[in-house]
Structure formats: C-alpha cells, structure tokens
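Take a look at the structure set out below.
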Protein chains: 2
Amino acid sequence: MPQSRPRIIPEATVARLAVYLRVLAGLADGGRSHVSSGELASAAGVNPAGLRKDLSYLGPCGVRGVGYSVSGLRDRLTDALGGERSRPCVLIGIGRLGSALADYAGFASRGFEFVGLLDTDPATVGHRVGGLQVRPVQELEAVVAETHATIGVITTPAEVAQSVCDRLVSVGVRSILNFAPVALTVPAGVDVRKVDLSVELQVLAFLDQQRDGTPPLLAPLRPAQGVAR
Amino acid sequence: MPQSRPRIIPEATVARLAVYLRVLAGLADGGRSHVSSGELASAAGVNPAGLRKDLSYLGPCGVRGVGYSVSGLRDRLTDALGGERSRPCVLIGIGRLGSALADYAGFASRGFEFVGLLDTDPATVGHRVGGLQVRPVQELEAVVAETHATIGVITTPAEVAQSVCDRLVSVGVRSILNFAPVALTVPAGVDVRKVDLSVELQVLAFLDQQRDGTPPLLAPLRPAQGVAR
DNA sequence: TCCTGTGAACTCATTCACAGCC
DNA sequence: GGCTGTGAATGAGTTCACAGGA
C-alpha cells in the first residue's frame, strides 16, 4: 500500500497541519476546489513558504503552477493526522472548565469523543454534561477499561492532578492533556501536553507592558500571529 | 533607581518566568526560604541550566553555592512581569468556555480582573457570571472606554471573532487572547496570542498514533514536558 | 564543595531564493 | 507566467560545560 513516504514530521508542523485541515474544511464548505499556498497560508496565519515546507513532509501534494486540490489535500492531511477514526477520551475534573470542554463542539468534529467524565464532588457526580453522566473518580480505572480510552484530559485542581495522572498511566493511558497548573511527572513513553491559561495572559500582559511601560527595553517580539502589516 | 539591567527577554522565557513564579508561591506557602535551580527546575518541569539562563536575563538573582531566596526571587519575578498592578480585561463570548474563564480563580490571583463580559445572546445578557453582569456586545466600545481595559479575551464562535477583534483594536485594545479557531488579522503594534484546544488534542492523537500505529516512522518528539525518566 | 552565571555548541524551526514542472 | 517543492541560509532556543564566587 502506497502510504506516503515515511518522513519525520516535526511536532510544530503537526500542530499546523491540524490548522490547515480546519481551513480546508471551510473552503470545501464554500465550494472551492483549489487553493494556492499563499491563500491557504494567509487564512492559517502562517508564511506561505513555511506552509509548503510543512506539506512537503507528506510528499508532493500539489500541482506546480496551479495549487492544491482542496479535497485531495484534505484527505492527505486527515490521513496523516490519523484518519477519521474516533478517539475515546476521558475527562477528569468536571468544574467550569471541564464542563466547557465536555461539550465543546470543536472536539467532536475532529473525531474526539468523551466517553467518560469523572469528578470527586458528590454534587457533580450523577449530573449529565454534554450527554454523558458524571461518574465518581473512584471508577476511573473501570471507566478506562470499559471504554478503551487512550487519551486523558485533566482539569482538576493542581493538588490532585499528579495522582490522577498516575492513575491514568497505570491503566495504560499514554496521552494526557493537562490544564492543571503543575508540571506532571510521567514515565518515558507517555506524552503530556500542558495548556496553561494564566500563563498565556501573563505573557500578553508582559508584552503590553514592554510596549509602553519601559520604552527603552523591548523584547524581541514575534511578528504577531496574524498578518501584522 | 537600580532597575534590573535592560536586557532583552525572549518570549519563551517570559512564559516560563510566570511558571516559576507560581512554583515559588507554593514554596513560600510551605515556609521554604531557599531553593536551588535544580529543585525549582524540577518543580517547573524544565532543565536546570535553562532555568538559570532564564533568570540570568533579570541579572544575577541567586547566591553561588547556596541557591535563590524564595521571597527575593519572587519579588524579582513579580517585578519583571509587570508588578502587582491589576490588569482589567474584557471577555467577549460568554458560552461555556467564556463562563469558565470568567470565574477562573487562577486569573484573579495573577492580577487579571475581568471588568466586562459581553455576549450577543439575549438569553445570556443580564445574567451574572463570576460576580459580573453580562452586557450586550453592542456596548463593547462603551465598556472598554469606561473600564480602561487593555486586554481582550475572545471566546466567540469563529465567524464573529474577527469583527470583535477589529472593534477591540479600534478602541485601543492592543493585547488579545484568542480562543476562536481562526487566525486574526491585526495591525502592527497589536499582539494576539492564540489558544487552540482542539489542535492540542490533535497533536496528542498524532503522537499516540506514531507510537504504536506505524512503528517504523517516528516523529522527533520533545522529551515530554514532565520528568520523563 | 556547592551551586550560580554564562559563553559556546548544538539542535530545532523559520525564512529565503530558486530550480522544476504545469 | 505562475506556483510548488526544497536545499541553503538564517535565526531562535536549548543544552552543555565550565568558570567564578560563597
């Protein structure tokens, strides 16, 4: 089977491929059949040459002088990112943030399905969130076993995040998305990605201050994520 | 006034400084008076040498052979990140995610205060979220003027994010945190940071697949954010 | 001896510039 | 002519290794 050539794909590129895929979905809805790297790059907020380099990791997927086929590229990207198979996830910590994630439409459309919601609070357990009933965190191991979840999302308070993480790892979960503001320690072979919302704000505030607070000292800002021109 | 030497601080470093600050707060609560770079680095999930390099941008702040004073370093970091002044933020889009952010305790403790919540939905307008009444998005300009907000947080659907962004910029907001899955276009001088939750999951799923799906082809993974050993 | 501070080496990522094909 | 694919150049960020002070 002619699986695209087994090149190595940098993680930064993988993140952008997911973005391109979303932009392509929009273009397809709009009835477009072709795009140039320039147009796609501008919609994704990246440099055109960088976009072409990203795509080149999948092998040639465009037509010189013409551009890319929207549907063709879409298939190629979907495939590279793991196909359309559904990915069962468990979510631990059903507070405000957890509830928000539990029925965030953006996940389902990308093939991520929450198959288990867990919390310690008796007032939360039993409630339905995003079409699923919240179960007591004691059942974590059982839920993972039942559902064969491979991804764990942690939205608990910082104090318990490590212990939840350990329990996930002990039942075979090797991909964890952590929203708790702590660094998790995991064995080799387990991937943790961390999203730290207050750090994002803090960086923004710093840049803000740099601009007009202390004019002489200016950090080497990235040229703004959008088209800053 | 001996303001720390005006060196240039890379953005990646700024993000980590915020993390160190949080770890230090924990140590201070625990009554610790000193830390070594090794201990601090392990709690923050980074390399010790990197941590020292990060801190070196603020000028010498430790004692050789001893380590860092917890309170001293804390003050230094607080100062570098813009002091303790409160930062007024407006939040547009009070859906699940918006509501979660609106009363996320982690923000207030870092000096971020939401002073305006806005939404289009008549069913949402008027409700109180996190101690604040939601106002109609038509009043965006008025709210920013009243409150002198300098940071805007966008949690609207993708379709309206750009127009909300434009309106924020037009009334002088120059720091924007964007949760909507689109690349925002802004004039030079405005900073946008993007948080894309489904991309995080997608990258995680990719790594997962790489591990056991296609053994021969392995991406050059970063050595996991925690202490992967 | 211990641990910080930092130049130097290295790895990773982005950007440029142009060759190649339609 | 136009746009893709990609080596080469540049730049940013991380790690190493050691000098230097308590």
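So that the names make sense, note that chain A is the first sequence line, chain B the second, and so on, each numbered from 1.
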message: Quick check on DNA chain C: between A/Gly50 and A/Val63, whose nearest nucleotide comes earlier from the 5' end?
response: A/Gly50

message: Counting only side-chain heavy atoms from C-beta out, which of C/dC3, D/dC3, C/dA17 sits nearest to A/Ala49?
response: C/dA17

- line: Regarding the side chain of B/Ala12, the nearest nucleotide among C/dT14, D/dC3, D/dT14 is D/dT14

query: How about A/Leu24 and A/Leu40: do any of their side-chain heavy atoms sit closer than 4.5 Å?
result: yes

message: Taking only side-chain N and O atoms of B/Asn47, does any of them lie within less than 4.0 angstrom of OP1 or OP2 on D/dG13?
response: no

task: Measure from the side-chain N and O atoms of B/Ser56 to the backbone N and O of B/Gly59, and report whether any donor-acceptor pair falls under 3.5 Å.
output: no

query: Pick the nucleotide of DNA chain C nearest each of A/Thr13 and B/Val66; which residue has the one closer to the 5' end?
result: B/Val66

Whole-Å gap separating C1' (D/dG5) and CG (A/Asp54): 13 Å

- request: Take atom CG of A/Leu55 and atom P of D/dT4, then tell me their distance rounded to the nearest Å.
  value: 9 Å

- line: Ranking D/dT15, C/dG5, D/dT4 by distance to the side chain of B/Lys53, first place goes to D/dT15

- prompt: What distance separates A/Cys165 SG from A/Asn178 CG, expressed to the nearest 0.5 Å?
  reply: 7.5 Å

query: Below 4.0 angstrom from OP1 or OP2 of C/dC22, is there any side-chain N or O of A/Tyr68?
result: no

message: Has B/Asp166 got a side-chain atom pairing as donor or acceptor with B/Ser170's backbone, closer than 3.5 angstrom?
response: no

statement: Rounded to whole Å, CG of B/Leu73 lies from C1' of C/dG5 at a distance of 14 Å

- prompt: Within the pair B/Arg52 and D/dT15, is there a side-chain N or O less than 4.0 Å away from OP1 or OP2?
  reply: no

- request: Look at the side chain of B/Pro10 and decide which nucleotide, out of C/dC22, C/dT6, D/dG13, has an atom nearest to it.
  value: D/dG13

- request: Give the rounded distance in Å between these two atoms: CD of B/Glu11 and P of C/dA13.
  value: 17 Å

Distance, rounded to the nearest Å, where B/Arg64 contributes CZ and C/dG5 contributes C1': 5 Å

field: Listed nucleotide nearest any side-chain atom of A/Ser37, set D/dA17, D/dT4, C/dC22
entry: D/dT4

query: Between A/Ser37 and A/Arg52, is any side-chain donor less than 3.5 angstrom from a side-chain acceptor?
result: yes

query: Between C/dT15 atom C1' and A/Arg16 atom CZ, what is the distance in whole Å?
result: 12 Å

- request: Measure from CG on A/Leu51 to P on D/dT4 and round the result to the nearest Å.
  value: 9 Å

query: A/Ile9 CD1 to D/dT6 P: how many Å, rounded?
result: 14 Å

